[in-house]
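Atoms within each ligand, like the ligands themselves, are counted from 1 in listed order.
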Amino acid sequence: MKNIVILISGRGSNMQAVVKAQIPNARIAAVLSNNETAAGLAWAAQRNIATDSLSHKNFDSRLAFDEAMMRKIDAYQPDLVVLAGFMRILTPEFCRHYEGRLINIHPSLLPAFTGLHTHRRAIDAGCRIAGCTVHFVTPELDCGPIIAQGAVPVSDHDTADTLAARVLEAEHLILPQAVADFVGGRLKISGSRVIRNTGAQLDARLLA
Ligand code: GRF
């Protein structure tokens, strides 16, 4: 069994997708948040998953918060830490501590549109295709080796909200698949690239 710790800041729909996927040999050891009112915490607690929160507002520095968060995370001896809508910029110390076992879901087709407001920016740029990316986390924001991507069309009538909803459906497919591939030992980092050995596909829509 591999221990997974999932970090969220809000609704936690990506975390829910990972939990619901019931990934073989994966145990969701804890769901942690920087926001004690994150809706996803209540959802996880109802399913008897350990939950905890730590407000970044109670810390003087980014590093002090990250160190305290690392202590909480490490208590669960994670094989993998998943950032699933965890809206914090992480220190290099945090990234290095979990190097090779820290992944993030980002709502754009990286390397396009790192950072915030990705859907608005994709529409404003006239993109015809948008999407999401799961990547290993490195100290440079949204720049680590790419594990998986999901693409969706952008329609002329899209608003940032309608595009976000379409991209979110793709997020819910690729994040559980990436976690399953990690747990199944199917991901290998080679320089800046991730090589994925073919293996179990969680959802046939990923092949479409
Ligand atoms: C997702 O779109 C994720 O990619 C972004 O924030 C959103 C979080 O949604 N970073 P949820 O909390 O997983 O529902």
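Salt bridge status for R120 with D124: present, with a side-chain N to carboxylate O gap under 4.0 Å. Comment: R128 engages D156 in a salt bridge, judged by a side-chain N to carboxylate O separation of less than 4.0 angstrom.
Counting the atoms of ligand 1 from 1 in the order shown, those under 4.0 Å from a heavy atom of R11 are 9 (O), 11 (P), 12 (O), 14 (O).
Closest heavy-atom approach to atom 12 (O) of ligand 1 within the set G12, G85, G10: this belongs to G12. Remark: among candidates D142, N14, L168, T118, the nearest residue to atom 13 (O) of ligand 1 is N14, based on non-hydrogen atoms.
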Pair up each side-chain donor or acceptor in residues 140-153 with any protein partner under 3.5 Å, not counting sequence neighbours, and list the distances.
unit_1, atom_1, unit_2, atom_2, d
D142, OD2, H106, ND1, 3.4
D142, OD2, G115, N, 2.8
Q149, NE2, L110, O, 3.0
Q149, NE2, T133, OG1, 2.9

Show which side-chain atoms of residues 11-18 pair as donor or acceptor with protein atoms under 3.5 Å away, not counting sequence neighbours.
unit_1, atom_1, unit_2, atom_2, d
S13, OG, H172, NE2, 2.8
N14, ND2, E171, OE1, 2.9

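Here the side chains of N104 and H135 are in contact, with some heavy-atom distance below 4.5 Å.
Among all protein heavy atoms, the one lying closest to atom 11 (P) of ligand 1 is S13 N, 3.4 Å. Closest protein heavy atom to atom 4 (O) of ligand 1: E171 OE1, 2.8 Å.
The shortest separation from a heavy atom of I105 to ligand 1 is under 4.0 Å, placing the residue in contact.
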